[in-house]
Chemist: 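Before we start, here is the structure in question, set down as structure tokens.
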Amino acid sequence: MSADTVKKFISFDALPGFLARVAETGTVYAPRREGGAVVYRPLKPGDAPELGARPTESCKHVVFPRSETLFSFDLKAERPALTESPEPGPAVVFGALSCDARGFLAFDPVYNGSGTGGSARDTYYLRRRSRTLLVVKACKSALNTCFCNWVGGGPASPQGADVLAVETEQGLVLDILSEQGAAFAESLPAASEAQAGAALAAVKAVEDSLPGAAELSAAPAALASLFSSAEFWKNESAHCLYCGACTYLCPTCYCFNITDESDGLSGVRLRSWDNCMSPLFTLEASGHNPRPNKADRLKNRVGHKFSYYPSLHAGRFSCCGCGRCIKSCPSSVDIRKIVLDAVKEAANV
Amino acid sequence: MSIQDELKSAIKAALPDLSCVIGWGAGPEPLRAAPLFIRGEADLQNFSAGFLSVNNPALYLPALKGSKVGVVAKGCDARSVGQLATETLIIREEVHVIGYPCEGVIDVDKVAAALAGVCEPGEVGALREDGDNVALDTPKGEVRLAKKDIAADKCGRCIFPNAENADVFVGIRRAPTVVEDAYADIAAFEARGTEELKAFWEKEMSRCIRCYACRNACPLCVCRDHCIAASREPHWIGQTDDVPDKLFFQVIHAVHLSGRCTGCGECERACPLGIPVLKLKRALSRRVENLFGYKAGIATGTPPLLTFNIEESTIKERDW
Ligand code: SF4
Ligand code: SF4
Ligand code: SF4
Ligand code: SF4
């Protein structure tokens, strides 16, 4: 958090009313506790967002829905008709984590055409992305599974955020980071010097509290060199149960499948999340599967994030270090350990 | 010798004849262990069994069919081994079951609830076992919790804590928690009535992300790679984000498991969104146990719903 940016203030008491007013012009997604989980849901007017526990899922579904209707079709009519799905409205994510916001920075180059000289632009992604405002709530501590600082982030990183909200005793200090962020917070009073000072101190405290970052610069080459080391991947994946929990909770996993849901000659074309841990992901029409074992698939998941993606996108890892795949893995698979093991293994051969 | 040491000796003794022994070792954080594949004596350093041994090692057995494998088994894990064997999904002689008296395992969601207002479970810096209690280091100081308050629900209704079908059993067999599972939880749940239950499942399933951790954590779900929930050809279940499609899969899993489910609870534990999917399975198990007297994982022979008798002795089909 910089001392130079504009800072606004809102008390905890005023927050539900303020967000209810924001919700009049768009959908406000905020963390809500449901059962043992915390999920992003459209905020009901008057409700306070859950800011005490970190969301189980990332907020990527606001921009990249779990299942999205691309268009509907009707081939029964004389002239086959295609109907575009309606334009999405504006949205605010209030209480995204800083790693969630950075997750979209891994999505963007894949969907905005920057990797293809502008030729492959995903309009469905981009229209939601441009209409979604991200209010990041800085973390007050790190979890055991967090490693945002290994991959260029931090618990209060402003990267990718429109507004960075920092908790102080009486309320939230809002650091305004974009024009849209300024419009969002326009009606709020400026933070006093004391309030801004408290926020800066809180950010420094949490940043200092994180354990040191591991050095990952050797990871891309190490993983590439282990591509054919079947034994290494067999051992690393032994306890993996190859479900989709890691990919579907991950703020940076962006793969999808396309399905026609039809009833006779009419129906809809859906784009829904897909995941590389599933055997179906690479199953070819011939019946051949280039990644028949979970070892092949876990190799892809880790290799993609820490080797193939950075080789295509200026060295950026497509992992924001949120640790959700570690925290929610039913088999306790730890992506940090795999990457560090790979670096060690590659150094030994 | 402590149980840990006895287990290590039993694993060491068995290892030369086995491709690996599956147990538990240190996990990514203090409240969670990880399944451990012990392939050589060096791996034993990392082994420990006890309150954190939540994962069911039987899950990995069908994929390892054809090689001799050992598993360290809690009572409920041993039931999964038994059921897999009686359905010939594994060859019993290929599996070396090492049992020990299980005292119950942790439920991290209960720890989360107990720590509300203190910290998230992911902020616990260390866990120390101290008899019937655990001491947790939290950012706000030590918190002591009774193991029974944070143990998995299944442990509160455990009839078989001692790996009934063990090839080697270490330690002293402990008394079961209860002698019979009365399914009181399910009876009370069902008593809420259809409308309320419909609303319950609509709410719970609405946060399902279709990750299929529930399915892939289930040791008895062996067709997961060809699951009709994912296949597009044939295309049985829609790929929407809507409750009917999501609940449809849960009902399919429950029906495919009816009479086969041993109640290990891994489906529900695995669900990252905390959806209580075990309730559906227990509702069916209750009926199968009552109707056919078949307790999966303990009984032998074909599960009752995978076959039929012309006259079922417990079902009165005609008046005469
Ligand atoms: S790979 Fe894991 S730690 Fe990295 S962004 Fe995805 S869920 Fe988070
Ligand atoms: S159900 Fe029984 S055997 Fe299984 S973990 Fe609980 S106490 Fe142990
Ligand atoms: S359905 Fe659930 S409780 Fe039953 S055997 Fe499978 S994982 Fe265990
Ligand atoms: S584990 Fe939970 S979220 Fe995942 S598919 Fe099963 S019920 Fe849905």
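Since the structure is predicted, the reported quantities are computational estimates derived from the model, not experimental observations. Throughout, a chain's letter reflects where its sequence line sits, starting with A, and its residues are numbered from 1.
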Chemist: Quick one: does A:E261's side chain have a donor or acceptor within less than 3.5 Å of a partner on B:Q239's backbone?
Modeler: yes
Chemist: Side chain, backbone, both or neither: which part of B:A112 has a heavy atom under 4.5 Å from chain A?
Modeler: neither
Chemist: Quick one: closest heavy-atom pair of B:R39 and A:A238, and the distance?
Modeler: NH2-CB, 3.7 Å
Chemist: Side chain of B:N216, backbone of A:Y242: donor and acceptor closer than 3.5 Å?
Modeler: yes
Chemist: Give, as side chain, backbone, both or neither, the part of A:R54 having an atom under 4.5 angstrom from any heavy atom of chain B.
Modeler: both
Chemist: How far apart are the C-alpha atoms of A:T145 and B:R32, what are their side-chain angles, what is the distance that settles it, and do they pass the side chain to side chain donor-acceptor pair (under 3.5 Å) test?
Modeler: CA-CA 11 Å; A:T145 43; B:R32 291 160 61 216; over 6 Å; no
Chemist: If we define contacts as heavy-atom pairs under 4.5 Å, which of A:T247, A:N257, A:V268 has the most with chain B?
Modeler: A:N257
Chemist: Has A:D334 got a side-chain atom pairing as donor or acceptor with B:G27's backbone, closer than 3.5 angstrom?
Modeler: no
Chemist: Provide the closest heavy-atom pair for B:L273 versus A:A37 in the form atom of the first, atom of the second, distance.
Modeler: O-CB, 3.5 Å
Chemist: Side chain to side chain contact (heavy atoms under 4.5 Å, CB included) for B:H235 and A:T259? Distances and angles first, verdict last.
Modeler: CA-CA 9 Å; B:H235 187 51; A:T259 314; 3.5 Å; yes
Chemist: Hey, which of B:P30, B:S206, B:C227, B:G274 has the most heavy atom pairs under 4.5 Å with chain A?
Modeler: B:S206
Chemist: Heavy-atom cut-off 4.5 Å, strictly under: side chain, backbone, both or neither for A:S331 against chain B?
Modeler: both
Chemist: Working to the nearest 0.5 Å, report the span between OG1 of B:T240 and CG of A:L270.
Modeler: 7.0 Å
Chemist: Can you tell me if NZ on A:K44 sees more than 12 non-hydrogen neighbours from other groups inside 6.0 Å?
Modeler: no
Chemist: Considering only heavy atoms, which portion of B:N55 lies under 4.5 Å from any heavy atom of chain A: side chain, backbone, both, or neither?
Modeler: side chain
Chemist: Check this for me: A:E169, atom CD, are more than 12 non-hydrogen atoms of other residues, nucleotides or ligands nearer than 6.0 Å?
Modeler: no
Chemist: Name the member of A:G36, A:P279, A:S328 that forms the most heavy-atom pairs with chain B at distances under 4.5 Å.
Modeler: A:P279
Chemist: Please rank B:R207, B:K203, B:R210, B:K110 by heavy-atom pairs under 4.5 Å with chain A and give me the top one.
Modeler: B:R207
Chemist: Heavy-atom pairs under 4.5 Å with chain A are the metric here; pick the option from B:C211, B:A217, B:A213 that has the most.
Modeler: B:C211
Chemist: Can you say whether A:D274 sits under 4.5 Å from chain B via the side chain, the backbone, both, or neither, judging by heavy atoms?
Modeler: neither
Chemist: Is it the backbone or the side chain of B:I209 that comes under 4.5 Å from a heavy atom of chain A, or both, or neither?
Modeler: both
Chemist: Check each atom of B:R215 against the heavy atoms of chain A and say whether the ones under 4.5 Å are side chain, backbone, both or neither.
Modeler: neither
Chemist: Look at the side chain of B:Y60 and the backbone N and O of A:H239, then say whether any donor-acceptor pair between them is shorter than 3.5 Å.
Modeler: yes
Chemist: Would you say CZ of A:R66 has more than 12 non-hydrogen atoms from neighbouring residues, nucleotides or ligands within 6.0 angstrom?
Modeler: yes
Chemist: Less than 4.5 Å to any heavy atom of chain B: does that hold for the side chain of A:E68, its backbone, both, or neither?
Modeler: neither
Chemist: Is the number of heavy atoms from other residues, nucleotides or ligands under 6.0 Å of A:D208 CG greater than 12?
Modeler: yes
Chemist: Return yes if some donor-acceptor pair links the side-chain N/O of A:S332 with the main-chain N/O of B:P28 below 3.5 Å, else return no.
Modeler: no
Chemist: Are the side chains of B:P272 and A:L249 in touch, meaning some heavy atoms are under 4.5 Å apart?
Modeler: yes
Chemist: Which atoms of B:V124 come close to chain A, meaning under 4.5 Å heavy atom to heavy atom: side chain ones, backbone ones, both, or neither?
Modeler: backbone
Chemist: In terms of heavy-atom contacts, does CD of B:E202 have more than 12 from other residues, nucleotides or ligands at under 6.0 Å?
Modeler: yes
Chemist: Does any heavy atom of chain A fall under 4.5 Å from the side chain of B:Y212, the backbone, both, or neither of them?
Modeler: backbone
Chemist: For B:A116, which atoms come within 4.5 Å of any heavy atom of chain A: side chain, backbone, both, or neither?
Modeler: neither
Chemist: Given the options B:A63, B:P35, B:A270, which has more heavy-atom pairs under 4.5 Å with chain A than any of the others?
Modeler: B:P35
Chemist: Considering only heavy atoms, which portion of B:R269 lies under 4.5 Å from any heavy atom of chain A: side chain, backbone, both, or neither?
Modeler: side chain
Chemist: Quick one: what part of A:L241 sits under 4.5 Å from any heavy atom of chain B, side chain, backbone, both or neither?
Modeler: both
Chemist: For a side chain to side chain donor-acceptor pair (under 3.5 Å) with A:N144, tell me which candidate from B:E120, B:E29, B:E123 qualifies.
Modeler: B:E29
Chemist: With chain B, which of A:P330, A:G35, A:G244 has the greatest number of heavy-atom pairs at distances under 4.5 Å?
Modeler: A:P330
Chemist: Checking heavy atoms, do the side chain of A:K140, its backbone, both or neither come under 4.5 Å from chain B?
Modeler: neither
